[in-house]
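Note sheet for the following structure.
We use all heavy atoms of the structure for the numbers below, so side chains are in, but hydrogens, waters and symmetry mates are not.
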Amino acid sequence: MIPSRHAIDMHVVQLAELAAVIAHHGPALLYRHSTVPPEAINRYWTASRVRLDLWHQTLARFNHAKNSGNHYRMRCWWQDHLGVLEEILASELLTRVVAAVAEGSDRAGQRDEFSPIAQAIYLSHLEARNRVQAAILDRRGCTVSDAVRLNRLRCMIERWIDVLIGQLAGHDLELVRYGIDIERTTAHANEFDLASTSPTRETVAWLTRASMTDAIRQKVAKNPSLPQANRDVADSALLILRPDMFDSVGTLKSLWLHRIENDSERTDRMIGEYLRPDVGDSPTATAFDMIHAAALSQWFR
């Protein structure tokens, strides 16, 4: 289930769930060579930059507190901003997935529209993540339990990143570079490639998403630290899922259904070319050919 856009607060757990949804349906985006709407690109850039600015303000306060040499001030910083650090680590799931989808869709469509924007946000997020890791290693003002909890969250997120990126890399192996551990990501990519036509694919995806969100929920604060910023990023990321990704009742189509539709469209084009008489020649289609072509068209619709 996609996180509600009308929720009062957008928690980082919902961002992780959205990342899982996009990763699951990302191969369909890559398969159809869909263009990401300009509105989605613009809103993703704006929302992400606003959130990055808030993160950097938080991390700048850490430097000010550290330079003051006041241990109490350092301890207050950790107490006030621990939730923001958790969100920086956990939301990397969505940032990497969007960056991978952007690169894959641009390359498949032989264009350069979304990937430069997504790549810039991705690199800025990595910078923020590295500053969080440096703060954890610095440890001044941070309790042992908080440091251990943040580090365990980081390790868990890295494993789930490899799982989600593996789903995308199963369709485009070059995307493994967005994983943390290349060998682990490649292994997940091979698994998802083999299971791409399995009837249990949707069930496996649902169980994966449920397991991931439950694990993250247990390791982060109950209340979001930057709910509005998270919501704006989530709203912009949702726009990546174009209207043609949904069926008539509002459910996201499976990759299998996208392949059927694509084959049907290609068959219709071939039939149209076959039935069109060449200029200066007599009609090339006999009555039998026309009936046979019409039957094929109905079969593939």
May I ask you to test the [X]-[Y] pair for a side-chain heavy-atom distance under 4.5 Å?
| X | Y | result |
| --- | --- | --- |
| P224 | E87 | yes |
| N230 | H11 | no |
| R184 | V163 | no |
| S91 | L15 | yes |
| T58 | R61 | yes |
| N42 | S236 | no |
| I240 | F114 | yes |
| I180 | R96 | yes |

With rounding to the nearest 0.5 Å, note down the distance linking [atom1] in [X] to [atom2] in [Y].
| X | Y | atom1 | atom2 | answer |
| --- | --- | --- | --- | --- |
| R140 | R73 | CZ | CZ | 13.0 Å |
| L164 | L93 | CG | CG | 5.5 Å |
| L94 | Q14 | CG | CD | 12.0 Å |
| R51 | L226 | CZ | CG | 8.5 Å |
| L59 | L85 | CG | CG | 6.5 Å |
| Y44 | D232 | OH | CG | 13.0 Å |

Taking every non-hydrogen atom, the tightest pair across [X] and [Y]:
| X | Y | answer |
| --- | --- | --- |
| A99 | A118 | CA-CB, 3.8 Å |
| L168 | G26 | CD2-CA, 3.6 Å |
| L18 | A237 | CD2-CB, 3.9 Å |
| R49 | S124 | NH1-OG, 3.4 Å |
| M10 | A234 | CE-CB, 3.9 Å |
| G179 | I165 | N-CG2, 3.9 Å |

Should [X] and [Y] be regarded as members of a common hydrophobic cluster, given that ILVMFWY residues are connected when their side-chain heavy atoms come within less than 4.5 Å of each other, either directly or indirectly?
| X | Y | result |
| --- | --- | --- |
| L173 | I182 | yes |
| W160 | I22 | yes |
| V132 | V148 | no |
| V220 | I88 | yes |
| L126 | V101 | yes |

Q. Can you tell which of R149, R129, K219 makes a salt bridge (charged side-chain N to carboxylate O under 4.0 Å, His left out) with E86?
A. R149
Side-chain ([X]) to main-chain ([Y]) donor-acceptor, under 3.5 angstrom:
| X | Y | answer |
| --- | --- | --- |
| D162 | D181 | yes |
| D146 | C142 | no |
| H81 | W77 | yes |
| S68 | A65 | yes |
| S48 | W45 | no |

Q: Return yes when atom CZ of R177 has more than 12 non-hydrogen atoms of other residues, nucleotides or ligands closer than 6.0 Å, and no otherwise.
A: yes
Q) Who passes salt bridge (Lys or Arg N to Asp or Glu O under 4.0 Å) against E158, sequence neighbours left out? A)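 Partners of E158 by the salt bridge (Lys or Arg N to Asp or Glu O under 4.0 Å) criterion, ordered by chain and then number, come out as R154.
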Q: Can you sort out the partners of E39 under salt bridge (Lys or Arg N to Asp or Glu O under 4.0 Å), two or more places apart, ordered by chain and number?
A: R43
(Q) For S105 and E113: C-alpha separation, side-chain torsions, deciding distance, then whether side-chain contact (heavy atoms from CB on, under 4.5 Å) applies. (A) CA-CA 9 Å; S105 61; E113 299 173 354; over 6 Å; no
If we count only N and O atoms by modelled type, under 3.5 Å, do the side chains of [X] and [Y] hold a donor and an acceptor together?
| X | Y | answer |
| --- | --- | --- |
| R209 | H24 | no |
| Y178 | E103 | yes |
| D112 | S115 | yes |

Q: Show your working on side-chain contact (heavy atoms from CB on, under 4.5 Å) between L52 and E127 and close with a plain yes or no.
A: CA-CA 10 Å; L52 284 165; E127 179 188 355; over 6 Å; no
Q | F62/M74 under side-chain contact (heavy atoms from CB on, under 4.5 Å): CA gap, chis, key distance, verdict | A | CA-CA 7 Å; F62 172 79; M74 287 290 297; 3.3 Å; yes
Q: Give the C-alpha distance, both sets of side-chain angles, the deciding distance and a yes or no for side-chain contact (heavy atoms from CB on, under 4.5 Å) between M156 and I216.
A: CA-CA 8 Å; M156 182 185 67; I216 295 174; 3.7 Å; yes
**Q.** Test side-chain hydrogen bond (donor to acceptor under 3.5 Å, both in side chains) applied to N63 - qualifying residues, sequence neighbours left out
**A.** none
Q) Less than 6.0 Å separating the ring centroids of H125 and W55? A)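 For H125 and W55, the ring centres are under 6.0 Å apart.
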